[in-house]
Amino acid sequence: MRGEGRVRTCIGEADDCYVSSSRAQRGDLPDALWKGIAVGLTLLAMTQNALLKAIVEDKKMGVKRRDFFKIAGVTALSALTATKAVSAFAFGPSGHGGETVSKDNAVRWAMVIDTRKCGKGAQCKNCPSLRACHEAHNVPDIPNKKHEVKWIWQDSYDHAFPTQTHALIKDELKTRPVMLLCNHCDNPPCVRVCPTKATFKREQDGLVMMDQHRCIGCRYCMSGCPYGARSFNWVEPKPHIKKINRAYPVRTLGVVEKCTFCAERLAKNQGPICVEACPEKAIVFGNLNDPKSEVRKILSVSDSVRRKPHLGTSPEVYYIM
Amino acid sequence: MRDTAKVIIGILVFLVLVTTPFWYGKIAAESGKPPVLKVGTAEKECVMSKDFMRANHMDLLNEWRDHVVREADRVYVREDGRRFDKSLGNTCMKCHTDKKEFCDKCHSYSGVKEPFCWDCHNDPNAR
Ligand code: SF4
Ligand code: SF4
């Protein structure tokens, strides 16, 4: 959607809603310019049409060489203009470091994970956050690694931050466990490549959502996501769910799934379940657009990094080192 | 005419055959009455009128689906002001507790095959 739109946002109480204006994040052009281009294209098309008509009516015989070139010229011109016009709008903000915190939205959910606390507790061997998430959302536990489905998982610093490590890095950091999940990127490549809009960014709060009803299982989004945050259901997941949480749907064969920042809980003014379940209080969640939020406070005083920020996806999960 | 009896039998057989659609329809109507559905709730009213729901529940469900998934709009307000969670599993199935006796019975009577809903949505009252 282009230009100004109005977004209804609710935080806190359900009645505590207000309307804010939102702008499209892609390069906006003034309406006048758009109109100009549209009129230009129409004129070109009309000329082309008229030429064709004249030839057919006058000659009532095949197209002559000269006329053919006339039409070809006009067609090429309009095609060129169209390509130019389209390509001019096809790119979002360029992403060196991806410093695009969307300031126009009232809410921008984000997560801060303290890697210094993570994995230190007595219960951490069998991460309670991971279990809580996968149990609440009916994420199947499939033994075959090739068919694995995961919303949140753990890997070493070395693997999680391949561009921010080196051969001589201290062992403790190199092997430090890091919780990984969908970054709910502010400029999500998965959304850009999805041909059906099954995955989309919720403009009112920045969540990158999945509409399983629309997913055709093409897996473009999985190639698009540079973080491996998405899983495909290669096998029917139901038999691999130990205990189905009947208050939440399961998925079916052939769709992609991932973390949703617990959209169903946010709707009830609850934070994500991994935040609640972490005994070390290593995960904090909040509104990045609120300068007084806990996430903002932590970020303002800690050394934080994000995964592969140079790709310009503007990930919204921050890691304290 | 020695063949009178045969002719009469022939005419009778003919009549029976020709009227097949009428008596077959009568018998079929007797055995094919719409099923009586078990609702299984003390509630008096659905989120919309019974007639509306009978004809349009699939559209309502699609609309709720889009509202919830795509627009983060999860609350339905009934005409009388009562609020409902727009949820197949957590609202509809709370009253229509027996999927077999409610959804399935009517779907099979009307020859509607099991919709995709249940590939992912749980029947919360199963087992
Ligand atoms: S697999 Fe589904 S969500 Fe992913 S790009 Fe294809 S349609 Fe979109
Ligand atoms: S982490 Fe991957 S799946 Fe999540 S929003 Fe970013 S690109 Fe999309």
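So that the names make sense, note that chain A is the first sequence line, chain B the second, and so on, each numbered from 1.
The shortest side-chain heavy-atom distance between Glu264(A) and Arg74(B) falls under the 4.5 Å cut-off.
At a 4.5 Å heavy-atom cutoff, Gln212(A) makes no contact with chain B through either its backbone or its side chain. Only the backbone of Asp123(B) comes within contact range of chain A, with at least one heavy atom under 4.5 Å from a heavy atom of that chain.
Rounded to the nearest 0.5 angstrom, Asp119(B) CG and Leu253(A) CG are separated by 9.5 Å. Between His121(B) atom NE2 and Thr252(A) atom OG1 the span is 11.0 Å, to the nearest 0.5 Å. Residue Tyr248(A) holds its OH atom at 11.0 Å from SG of Cys120(B), rounded to the nearest 0.5 Å. The CG atom of Asn122(B) sits 8.0 Å away from the CD1 atom of Ile241(A) when rounded to the nearest 0.5 Å.
The two residues Met209(A) and Val69(B) come nearest to each other via the heavy atoms CE-O, 4.2 Å. Annotation for Arg70(B) and Lys197(A): closest pair NH2-O, 2.6 Å, computed over non-hydrogen atoms.
By the 6.0 Å contact criterion, OH on Tyr220(A) is open, its count of non-hydrogen atoms from other residues, nucleotides or ligands being 12 or less. Annotation for Glu294(A): atom CD does not count as buried by contact number, only 12 or fewer foreign heavy atoms lying within 6.0 Å.
Comparing Asp211(A), Asn138(A), Leu207(A), Val255(A) by heavy-atom pairs within less than 4.5 Å of chain B, the highest count is held by Asp211(A).
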